[in-house]
Every structure is written in structure tokens, then in C-alpha cells.
Student: 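The structure's right below; bear with me while I get my questions together.
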Amino acid sequence: MQEAMINRAKQLLADGSVDRVIGWKRGEFVYDITPAVFTSAEELDADFVYDDFTAANVSKYLVKESKKEGKILAFLKPCDTYSFNQLIKEHRIVRENIYVIGIPGGPKLDAERIKANGITGILGAKNDNGTLIIDTVYGEEKMPYYEALSVKCLNCKSKKHVVYDELIGEDGDILDSNRFDMVEKLENMTAQERYDFWREQLSKCIRCNACRNVCPACTCEKCVFDNPDSGVENKAATDSFEENMFHIIRAFHVAGRCTDCGECSRVCPQNIPLHLLNRKFIKDINSLYGDYQAGEDTTSRAPLNDYKQDDCEASIVHERGVE
Amino acid sequence: MLKISLDKLGKLFEAISASQTLYIPTDREDGAAEYKKYESGMKLSNNLNTLRSAKDFFFPQTENLVDFKMEGKNIEVIDVREESEDFVIFGVRACDARSFTILDKVFLADPVDSYYKNRRDHGTVVTMACTRPAETCFCGTFGIDAAAPEGDAACYSDGESLFIEAHNEKGQKFIDSVASLLEEGDAAKLDEVREKTRDILKKLPLANLTTDNFGGDKLNEYFNSDKWGELSQSCLGCGTCTFVCPTCQCYDIKDFNTGHGIKRFRCWDSCMYSDFTKMAHGNPRLTQLERFRQRFMHKLVYFPANNNGEFGCVGCGRCLSKCPISMNIVKVMKALEVK
Amino acid sequence: MQVNDNKEFQPLIVAFCCNWCSYAGADLSGTNRLNYPTNVKIIRVPCSCRVNPMFILRAFQRGADGVILCGCHPGDCHYTSGNYFTRRRMTLLFSMLDFLGIERDRTRVEWVSAAEGAKFAATMNEFTEAVRKLGPNRRLEDLRCRKQ
Amino acid sequence: MQRIGVFVCHCGTNIAATVDVKTVAEALGHEPGVVISQDYQYMCSESGQNLVKNAIKEHNLTGVVVCSCSPRMHENTFRKAAAAAGLNSYMVEIANIREQCSWIHKDIATATEKAIILGKAAVAKVHLNAPLTAGESPVAKRALVIGGGIAGIQTALDIAEAGFDVDIVEKNPTIGGKMAQIDKTFPTLDCAACILTPKMVEASQNEHITIHSFSEVTDVKGFVGNFTVTIKKKARFVDETKCTGCGLCTEKCPMKKVPNEFNMGLDNRSAIYIPFAQAVPKVATIDPNYCMMMKTGKCGVCSKVCSAGAIDYKQQDKFIEQKYGAIVVATGFNPINLDKYDEFAYNQCPDVVTSLELERLMNAAGPNGGTLLRPSDKTHPHKIVFVQCVGSRCDDSKGKPYCSKICCMYTAKHAMLIREKYPDTEVYVFYIDVRTPGKNFDEFYRRAVEQYNVHYIKGMVGKVTPRSDGKIDVQASDLLANEQLHIDADMVVLAAAIEPDKTARPLATMLTTQMDTNDFFTEAHPKLRPVESATAGIFLSGACQGPKDIPETVAQASAAAAKAIGLLVKNSITCNPCVAHSNELMCNGCSSCEKVCPYGAITYIDKEFRMPDRTTAVRRVANVNPAVCQGCGACTVACPSGAMDLNGFSNSQIMAEVDAICK
């Protein structure tokens, strides 16, 4: 796959169809891959990488990149195409300046999940029939492949590319994922249990803003949490309230816009399952206002910018669920 | 050297925590280690290092500086400083131990930061030598020996016993306070353990990284390097690297209006943030390139320039693991070095 | 939040009322001398759709024990569609608060027309009682703001 | 820091009996920024107002808080007083300590405490108030009426009567609309043409009215007082200014087999045609789909016979652009298409007709010259079955959920007229309910039943089956007698539901007005603003807003005209200054605000910005038109970055109130 991508990118650069390529660059280890812009065949040959550790969603970079002169080739995984569409819908990227090649997606590996299994000194990793064999400074280690997968890939919603100019590899289907299972599990807990769960999780937050800054839906010119005039700005959560508020408001601001790409949970240095907050909104929207998948198209009205006269009342929250 | 059998570690912790607050690295549910206040039965983590660094103990993420009580048009100033209680941080790794020396240079230099000093005076740092360094480790680059950590007192394990050695008066006081649990032991085997660790360190992927090309005199060489554009292009501008870094020491001071008064507090700031060091006229570093450059120039050039050649990095490798886009000081050093 | 040793817990209730229906409804309950507790403090907004979730969180942060939003009945919005947006926004917000384990009886949306002075008073009585039963807001308060 | 004056009103004993006003004034006097705090018996009285005015001058106040009755009562009074003393009127805030405090609480201590808190909230808000100035925008003194039916004609006549220029845009070759096709009107049974055609002529002759027939609105820009509308005058291939309407061309035209729309396709017209004798403008139109000359290039008869030389086969669509201050929508209705109603055999049997077709069949100017004959064999029908609610009050996808409102009455009219003219004809009406709310309506219906012996049967028609003998078998149930009926009818008349004209939906998009799910235009307020749309300057006339009969339509048409005139008489309109505004530096251009704006007040512009990183970039940013915005604030919450804020109710002001209350 990597070879095919490099070759195609070189072709498009050579015939002048594109001026730049956004993809991923290899690092010091097998897993520390950085999104990068390439401008020449030499750079591509030397550093371009696409493998089991290439998890980052590059669509958000296009907000800036597509406004530059010339055309850019973007390699998008299925989940990334949803983010891409949503950005088109919100007029955040210039479609004409981007040539999209759809590429097969995950599941991707997450080095942090390997390390959480006590494996250290990672030099290489390969999947052997459901077992991940890891080459380390201390010799070969093994762990179940499934446990090494990135959180964002565990409940993949779709292998289908919702937008592309060309595809490398086959297009997949929308999957019947069980992505709401954990949300449902939480919903079935008592309020006290839910409170305790989230307190434990959110108290880990160090307000590094990685979740926000990586989020393809968070492309505000100035975020309310950076704006002293907004009344909610802060650089650290000085009280548990602020931990709650940051994540509630962030989830609310992306409600109906979040494509569930999972980047927030992938990058959280404290492993907070932030995607559950977004999925809660998605699940509510689906069940209360009809199925809606943000990023599936570029024209439909976002659920929070829409209404029906016979929408349910807010009291539905009081009427359902566990106390 | 004094030692205690590893299976009696719990007793040691009980003894320490009986007289003062003890913090040890312990595993949490997701497998990551973090420092926690010791409670009976708590297990020492086997992880190489904690997810967050140990700097919180002396330089917490947020800290109240002063209160203002407001009633109508009257304002009263309330000093909230209190003398800290004595505490012990146990199991600090060599890299984090060195980070305190670096923070000291900032906070204990004139004018002394009384909030920092208060805690520093009351905290005893008991370090733990590394035996299983990770691929992300490069403390050696900064002259740190992971097998022989600094700190007030240091611990070494030979697999059966924990050997404790004092480095200063504070460390000796700590050892004296638990002396009844300790026995004299033969430390001969420790050299072997240390050598083994040092052998592993030499084989790590980053073992050959050096600071030879960096230092206080390199400002002109690197400031306008054309590498910064490429290096910073995918930086998200989040604060993850700065917040997991044991040596990053920048902070902001803010006022919070509680409705009946003002709490003036400081909190960690990140040079990666767009409003970092924002002043009345605006912001001196307007692009992410400038902000990104600031962080690494500070660690590799400005800090040594002002601190007798000491670098602002200890090679703990946290940023290598945690950066959402895997950009880090190692990549920066390697890229800048290429002429 | 006001706690008096001898008396029962007195919750602080913040009510956002739209100018055209609910605020007028509140005025009407005043005109008709229909009592409701002093715990309720009203903030006037042009339309219920002006209420940002941030305002609601802010109230809890600062010590409110319950927040209620009142607007025109669906279909009667002075601005045609404002309360329809309010309804979706608040349904989702309240559901999220519930998901985080915040007591769901601390928040409410009620439609009160300018003619429903009696409904306004009854709603406030009922809501204040419900919040009183829950006790002080602890799960979404900011300790820094707690009164000494 | 503001310099704030606080004025606490006793309202006689209304407030002072339960709120200790002295304590309130004293407490608020200690708030930061408050430089004077006073109480007074009646703050709204002239001397009370003078107290405020003098304090403003004496203490150089920049803000005023009045603790008194509801702002709905006296906010304006105090704003005017402040303005009179030279203070911007939007620097005044009211703390409602009467309706929302003294009148509902009994305990003086707690009521006083609450009054102080409400006062503090108002003080906190005033600290963040900024002077606001109402903007002004000029009004173009011309109105546009879209649709030339009775609604449009009436509205245009009324506006012209007031002395304003008004243009009617009608998509058909003639004005007149549905009413022109109707034979008689209920409940008076006077002839529709006799009352409508004089109005049509009046409209054409009025010096203030311009009729653009055979024309469509293709673009609308601008806002209240200042619309720019593009009108497409479709090519009719006849020069309107030359044609005298003599009709010679229509007689001589060899192509005579064109279904006549005016007669609902029940007879034919020629390819060049004038819809009906009293058409306005009385100008011929060539139907290019049938004209031999246009299709084959061989013919040209009309051109040869036209002495005025009006025929122009090469005529093109013409676009004109005009500025208007007000727009009235009068796009009317159509009966729904009955193709899907197989059970009524509408498509299989020519003797199953709609009510509007029946109007033409009975009309003296209709296909049969006013004699009611079956379309199939031109024989006289002896048994006629009327079916009510065909497609109305339906919950399936075929029909409409609403009541079409006019069918009960016109069916009674039809039944009565038939029984009057042809007493030998039996008439059955199947209904769900008979709805006759209207002046003289129920009396009219009862006459049909009692005087004319029309058989009204409560029940549904299940199936209509044409028989080979020419009869039509109608199967129905009589719900009251609880029996199944079979009627061998000669004719069946279906009261088809009515729906808004198909052109209404795209028009609504152009006008940024709202529609309901049935495509009826939504009025600004269902009770209090029934002829205004939510978009300022756009008014609604007639059935485009909902099913209506003629008197209602005319009443609404005149009401819409009155509203439009009310706007046009102004030289400029004062805008409400409490409107939304967008901080362009923070705006993402994401369109969320635009989507929730009920008034179409938000547009997007591409603007060049100097960015924080020293680059220059063209960014898409939201732009609020203050003349159109009504200040609801929906956009402020839809905006994730907080770029959108509302004057007078800003985020910071509301949060300051929250803080003060929770303190």
C-alpha cells in the first residue's frame, strides 16, 4: 500500500496535477509517525510512511493547507473522509485546492496500549494471526493483537470513503458497529456511579488541549477557552468544575458536527475516554431526532441547527434511564 | 550499604507514612503510573516512569498565591501561604531527579520563589535507579546516569533487596527515620546490576544522541535555521509536551472572581499556546513556528546560555511518547544538526 | 446556596425567562399575587434560544442549586423558531449532564405563556421543592465560589 | 468604571409594603460603581423622573438602575427620561422588584434580601452596558405584489389607493387567478366574474399599478425597505405595447387543438390565445409548444392577420430589475393532483371531475356555455355524487393533513345551484363533517339540505367504478344509518384538497421567509402578526398562508396592504439596536448562525484580513444586517467560537447577572 501511494503521489507531482502531498513521515521508532507535507519525489522516497501505526487524521491540516497556493494531494482513510466532508460543509477548506485519494484505513496499532501491557523498549511489531509479536530491547514479547489496537479503531463505524477523487485499494462499507455499547453501559449505571466514573476520568485531565487541537471539528479561529472575554477561559482546571465544564462545552460545541473519528481519545495523554462524551451526543441525536452521521454529506442540516415541530421535550431526560 | 528485603517494602512505606506524607508511583487502572499519596496496601509501580513528571510536588499545575476579599467597595488582601508539611517522594527516576536541579535554577535563583522554596525545603526526594530503560530514554545525552540517580537519597535494587544510600543530610535524616527496618547489606552485586543497565542504555536507539552541537553559543546558528518550518508544520499547538515535561517551568498568573473575592493563582502555561506571554501590545510570537522554536531553543540554547551550560531537558522521553503528532526534541536535535 | 441551621435548606434557583411569554407570565403571577419562593431569581432574555449552555453551567458553578429555562410554548415563539432550537439544545445538554451523573432534577425547561401566571407560580413552587429535596448542588459546584 | 445611579421605587405601598426600600437603596449604594442610591415614592411620576434626570446631570452618571415594576411596564419611560438628560437610553436597566418580588412574597426580610440581589444583578449588568444607537435605513417607495389573483389585485389596489407605486407580477398571461375561473360565489351566489373583472380593469387602469403578466420573480436581494428584485418577463411572442386584443389572430390560427387551461382542459384553444374574454391585459400570447411557425417555421398566419404588427416570433425573455420597499406574497393555491386516487377513478372516467372543473362546466363562458352536461357524452346528468375531503384531512402520504376549508361551502353551493337549475337531478354529498363557520355560512348549508333537498350523507366513499352502461357505481358507507350504499351516479364531483402553488417554495427561499411542512408561508405570529412573514418587509396575502375563501382572502389582502403602506409611508426605518453582531476576527464562516436565523439577517462575505500570524488572508465571515435582525439571539448560541453576540443581552452581561444572583 505504502509503495502504491508513494508511486501515485510521485506521478501526480511529476505531471503537475498537485504541488504538495500531505501524508505521514517516519520517525525514530516504528510508531512515532508525524503528519507531514511533502513536495518532492526524494522526500517521499526517503520518509513517506503508511503502515499499522499511521493513525493520525490529516484532514484538519487542510484548513490551512488548502488556502495556500497550488494544489495539495491528501491521502484520507475512510474515517478521515467524514472529517473532510464536515469541514467542506462548514466552509473551512477549499475543495478545489485538494486532490483526495482514498486509502484503506485501520485497524491501527497504538504504542501506548502496548506499553500499558508492561512491554517496553519497543523496536518493532507485527501481527501474527491475532497475536502481536513485538521486538524489544529486551527480546521478543507477545500480546493479543486486539489489545494493542488504537481506541479509535476498536469500534470502527465505516470503511467507506464518503469523498474521494480516486481510490487506492477497495472501498469498504458502512459497518454495523457496536460503538454505543459503552455509552449504554454508562447510561444503565446509577447517577452516582456515572458521577464517580467521570470524576475519576476527568480528574486526570491536565488541560493540555490535545483533544481540542487535534479535533477536526475544533477549527475555531479563536476558541472560547482561549478567549479571556468568553468568561470560561483558563489554562488549567483549577477546580473539578472546570474539568467538567471544559469537556461538557467542548462536546456540546461539536455536537452534531463530530464525525466520531476518535482522535480525541487517541491523543489524550491521560487516556481519558473522551470519545464517549461525543458518542453520547451522537447516540442521543440518533435516537431523538433520527439517524444522523456528521460528515456523511456536505449539504444536510446539522441536527442542532434544525428542528421539528414535534421534537421531544427536554423532560425526556427525566423520564428515561436509571436514577 | 543499608538494605531492606523487597518483600518488606510495604513495611518501609508504612513506617515512612507514619511520620510524614509519602508519595509513591503506583499503577492506575489504565496501566499508567502516577504518584499517589501512600495508603496502606498500595503497590509500588513496576513501570519505568510516571505519566506525569514529579515536578508537581514542588511546582504544582495550579497554586493559589493570594486572596482578595471584597465587600462592597472594600478590598482586603489575604496571604494564603502556609508552611508546608514534610513529605517524601519515593521512587523518583534519575531524569526527574535532575529536573529538580533545573527547576531550582529558575525558582531558587534571586528573587527566590517562596512558594516553590517552601515545598522544596520540606520535600525529601528518594530516587530509584533504573534497570529497564525504554527506547524513548536519552538521559545519557544530558550526562545523567540512570543507574546512579541523584536525589537526597537513592535506592538500588538487585532483584532481592533494596539498597538505600544517602546523598546529603536530608537523605541521611530520612534513612535514620526508618533505620530500625534496615540492615547492613553487601552491595557488591549492585555494581553488576548497574553495569548491566549501562549496557542496555548503550544499546538504546537514542544512545548516540549528543548535545555536542548545542549550547548557549548556538543562537545565531539555529535561530534562523530553515528547518523550523518543516519541523513545526504539523505541531497542533497543544500543551501536551510542556505539561508532561519535568523541566518546563513557565506559568501564568491569573485572577479568578469567586463572587465574593478574588483568588490570584498561578498555573502552568505552555509556550506552544497562542496567547503565551501576551502583553499589552499583543503577542511577541505570532506563528506556531516561532512558538515551536521558542520551546526547543529554550531547552537547547537559551537555558544553557543562562545556566552555565546546563540544558533544559533531562531525556525522560515523556514527550516522545505523548506528543499527539510525535514531534519531539530528539527529532528537532537531529534535524538541526544536519547542515 | 443558603443553609440556615434552624431552617430547611434554601436552594438557589436561577430562572431564565424569555421576554415575550415567560417573563410576562412571571409578571402576571405577580399581578395576581400568586406566591412562589424567594429562592427563584429571574434573568430576562429576549428568547429562550438566547440561553447558552455556558450560562447554565456558570450558574451551577457560582452556587445555583437548580436552573430552569422558560420560553414560549412551541409554535408561539415571538421569533417563530427560537424555542424549537432551545428544546433541542437543552434536551442534549441535560442529557449530557445526566450522563455525567449530575442530578437530572436540577435542570428543567418549561413553556409558560404570558397568560399562564398560575402555571409560572406553580412551576416555580414545584421546581424549588424538587431541588430542595436534592439538597445543595455538590456535583457541579466550584469550591472556590462556595461561601465561607 | 461606570458611574451608576440606583433609584428604588416605593410604588406607593405596592413595593414598600413588603420590601424595605430604604435598606435596598442603602445596600445597593455600597456596590462598586454606584455613586448615588435613592428611593422615592413614585419613580415613574414626573417628579420621580426628574429625580433621575437631575441625578444624571449632577453626578455625571453613565448608567442608571431603576428598581421598580416590570421593565415591560416602564422601561421605556425611564429610557426616555435618561435620553432627556443626555444619557444614552440603553444605559438604563430595570430591576423588577414589584411583579417578581414585592407582590409575590410576604416576608419583608426575605423579600428585601431578594430585592437587593435583583438590584445587584441589574447593577452588574449596567457595568457592561454600552451606549447603543438605533440605525436608520431608507425605504424605497414602491411595493411588489407577487401573484395576480384576487389577493394580489386587492392588495395592489389598496396600496395604489394610498398613493404608492405597486407592481404585480403574475406568471400567467392574465391576472384574475382562480376566482376568474369560478362561476358563482358563496354564500351570496353572485357571479364571480361580475365582481372580479371590474377590479381587474381597475388595476390595469390605475396609474400607480404596473402589471407584469406572464412574468416571474427570479431573484431577490436586500432587506426591508430596500429589496432589489429581478423579474423575468417571459417571451409571449406578441408585443404587448402593440397588441390591441382584437382576437383576430386567435380566430385565424390553424392550430386549434390545444387543451384550454382556463377551462381545465375541458375544451381546446388555439396556439395563439387570449385566456378569456375579460383577460387583463387583453393581449394575445403564443404557445410555442403548439405554434406551427415556432415549431416548423411554416405558417405565420397570425403575423399576417395582425394589423397592429404585434407578432414577434423572435421575442426573448426580458429581465428587469426594480427596487422595492415592501413585498407582498400572494401566490395562491391549486387543487392537488388526483392521479394517485385510483379509488375515485378520476383518471379512468371523464365524468368524474374536480369541483373546479365543475365550476367551468357550469359557467356560461365555459365549454358548454353554462349548460351542465356530462363531459363524456354531453348528456344531462340526473344523479350527481359529491365526495368531500378528497386529499384533505389525510394522514397518509397521498393527501394533506389539513382541512382545505372552502370545500364544504362550495359543494353546498354546487349542490344548490344544480338543484335550482335542474330540479330533476338528485344530488348526494358524502362528508366527514360539514364545516360552516362564517357569516351566513350555516344558514346557506341548511338551505341546501332543507330547501333544496340535497342528500347529505355522513360517510366515506370507498370506491368509484365506471360501468359499461355509462353509469358510475359509487360504493359508500352511511355512518349514521350504518349501512353500505351503492349509487349509480351519472357524475361524480371530487372536492380536491388545495395546496400552495408550486412556485411558492423556491420563492420562499429567495425571500428567506419560512414555510411550514405543507409549503404554506409561515406568518410572523399566528395570532398577532397574521399577515407579516417573519422576515421584515415581506407580507402575506391570501391562500399562500393557508386555505381561505374569498372574503377572508380579500380581508387579508387589505390587511397586508395596510401593513405594507405602514412601511412605505416611512422615509426611513429605525432599526432595533439590540441586534446581533459578529466579531469578524473570531468568525469561522461555518454558517451555523445563518442556519438558525429565522429572518435571513445573516449573510457571508469574503473579506481580507491581516491575520495574527502576519499573513493576509481572505476569509468568509458572517455579516448581520441590523435592519433585518430582530435580536432573538439564536445565532449567539449556534456560534461555537462566540463570535456572535447580542447587543443589550451580551454573553458577558448575562453572565454578570448570573454571577450577581449566585453571589
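Below, all heavy atoms of this structure are taken into account, side chains as well, without hydrogens, waters or symmetry copies. Naming: A, B, ... by sequence-line order, numbering from 1 per chain.
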Student: Under a 4.5 Å heavy-atom cutoff, which of A/Ala251, A/Ser315, A/Pro303 has the most pairs with chain C?
Tutor: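 Of the candidates given, the most pairs with chain C belong to A/Pro303.
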
Student: Heavy atoms only: give me the nearest A/Ala314-C/Thr91 pair and the separation to one decimal.
Tutor: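 In this case the closest contact between A/Ala314 and C/Thr91 is CA-OG1, 3.3 Å.
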
Student: Report yes or no: is the cationic atom of C/Arg88 (NZ for Lys, CZ for Arg) under 6.0 Å from the centre of the six-membered ring of A/Tyr307, at an angle within 45° of the ring normal?
Tutor: no

Student: Select one option (side chain, backbone, both, neither) describing which atoms of A/Val183 are under 4.5 Å from chain C's heavy atoms.
Tutor: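 Both backbone and side chain.
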
Student: When only pairs under 4.5 Å are counted, which of C/Val109, C/Ile102, C/Leu97, C/Thr107 shares the most heavy-atom pairs with chain A?
Tutor: C/Thr107

Student: Among C/Phe60, C/Trp111, C/Phe85, which residue forms the greatest number of heavy-atom pairs with chain A at distances under 4.5 Å?
Tutor: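 Option with the greatest count: C/Phe85.
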
Student: Relative to chain C, which of A/Gln201, A/His247, A/Met245, A/Lys308 shows the most heavy atom pairs under 4.5 Å?
Tutor: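 So the answer, after comparing A/Gln201, A/His247, A/Met245, A/Lys308, is A/Lys308.
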
Student: Atom NZ of residue position A/Lys64 - does it have more than 12 heavy atoms of other residues, nucleotides or ligands inside 6.0 Å?
Tutor: no

Student: Roughly how far apart are C/Leu100 CG and A/Leu202 CG, rounded to 0.5 Å?
Tutor: 6.5 Å

Student: Just by distance, do the side chain of C/Asp142 and the backbone of A/Phe241 share a donor-acceptor pair under 3.5 Å?
Tutor: no

Student: Nearest 0.5 Å, please: how far is OG1 in A/Thr238 from CG in C/Leu143?
Tutor: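 Reported value, rounded in 0.5 Å steps: 11.0 Å.
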
Student: Give the minimum heavy-atom separation between A/Ser240 and C/Glu141, together with the two atoms involved.
Tutor: OG-O, 4.4 Å

Student: Could you pull out the closest heavy-atom pair between C/Met54 and A/Ile249, with the gap in Å?
Tutor: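 Closest approach of C/Met54 to A/Ile249, heavy atoms only: CG-CD1, 3.4 Å.
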
Student: Which is it for A/Ile248 and C/Leu93 under the side-chain contact (heavy atoms from CB on, under 4.5 Å) test, yes or no, and what are the steps along the way?
Tutor: CA-CA 8 Å; A/Ile248 295 170; C/Leu93 176 70; 4.0 Å; yes

Student: Can you name the nearest heavy-atom pair linking C/Arg87 to A/Tyr289, along with the distance?
Tutor: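 Shortest heavy-atom contact: O-OH, 4.3 Å.
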
Student: If you count heavy-atom pairs within less than 4.5 Å of chain C, which of A/Asp306, A/Asp196, A/Leu186 leads?
Tutor: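 Among the listed options, the one with the most contacts to chain C is A/Asp306.
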
Student: In Å and rounded to the nearest 0.5 Å, what is the CD1 to OG distance from A/Ile316 to C/Ser95?
Tutor: 9.0 Å

Student: Given side chains that start at C-beta, do those of A/Gln192 and C/Arg139 come closer than 4.5 Å, heavy atoms only?
Tutor: yes

Student: For C/Leu69, is it the side chain, the backbone, both, or neither that has a heavy atom closer than 4.5 Å to a heavy atom of chain A?
Tutor: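 Neither part, no heavy atoms under 4.5 Å.
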
Student: Restricting to non-hydrogen atoms, name the atom on A/Leu277 and the atom on C/Met96 that form the minimum distance, rounded to 0.1 Å.
Tutor: O-CE, 3.1 Å

Student: Before giving the answer on side-chain contact (heavy atoms from CB on, under 4.5 Å), spell out for C/Met90 and A/Glu313 the whole-Å C-alpha distance, their side-chain angles and the decisive distance to 0.1 Å.
Tutor: CA-CA 9 Å; C/Met90 293 307 140; A/Glu313 295 296 336; over 6 Å; no

Student: Provide the closest heavy-atom pair for A/Phe252 versus C/Arg89 in the form atom of the first, atom of the second, distance.
Tutor: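 Here A/Phe252 and C/Arg89 meet closest at CE1-O, 3.6 Å.
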
Student: Select one option (side chain, backbone, both, neither) describing which atoms of A/Leu304 are under 4.5 Å from chain C's heavy atoms.
Tutor: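 For A/Leu304, heavy atoms of backbone and side chain both lie under 4.5 Å from chain C.
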
Student: Drop me the distance from A/Arg194's CZ to C/Phe99's CZ, to the nearest 0.5 angstrom.
Tutor: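 The CZ atom of C/Phe99 is 8.0 Å from CZ of A/Arg194, to the nearest 0.5 Å.
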
Student: Rounded at 0.5 Å granularity, tell me how far CZ in C/Arg104 sits from CD in A/Glu319.
Tutor: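 Reported to 0.5 Å precision, the distance equals 10.0 Å.
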
Student: Of the backbone (N, CA, C, O) and the side chain (C-beta and beyond), which part of A/Asn305 lies under 4.5 Å from a heavy atom of chain C, both, or neither?
Tutor: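 It is the backbone, since no side chain atom gets that close.
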
Student: CG of A/Asn178: more than 12 outside heavy atoms within 6.0 angstrom?
Tutor: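 Yes.
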
Student: Carefully, step by step, assess A/Glu242 and C/Arg144 under the rule salt bridge (charged side-chain N to carboxylate O under 4.0 Å, His left out).
Tutor: CA-CA 11 Å; A/Glu242 283 188 326; C/Arg144 295 170 299 175; 3.5 Å; yes

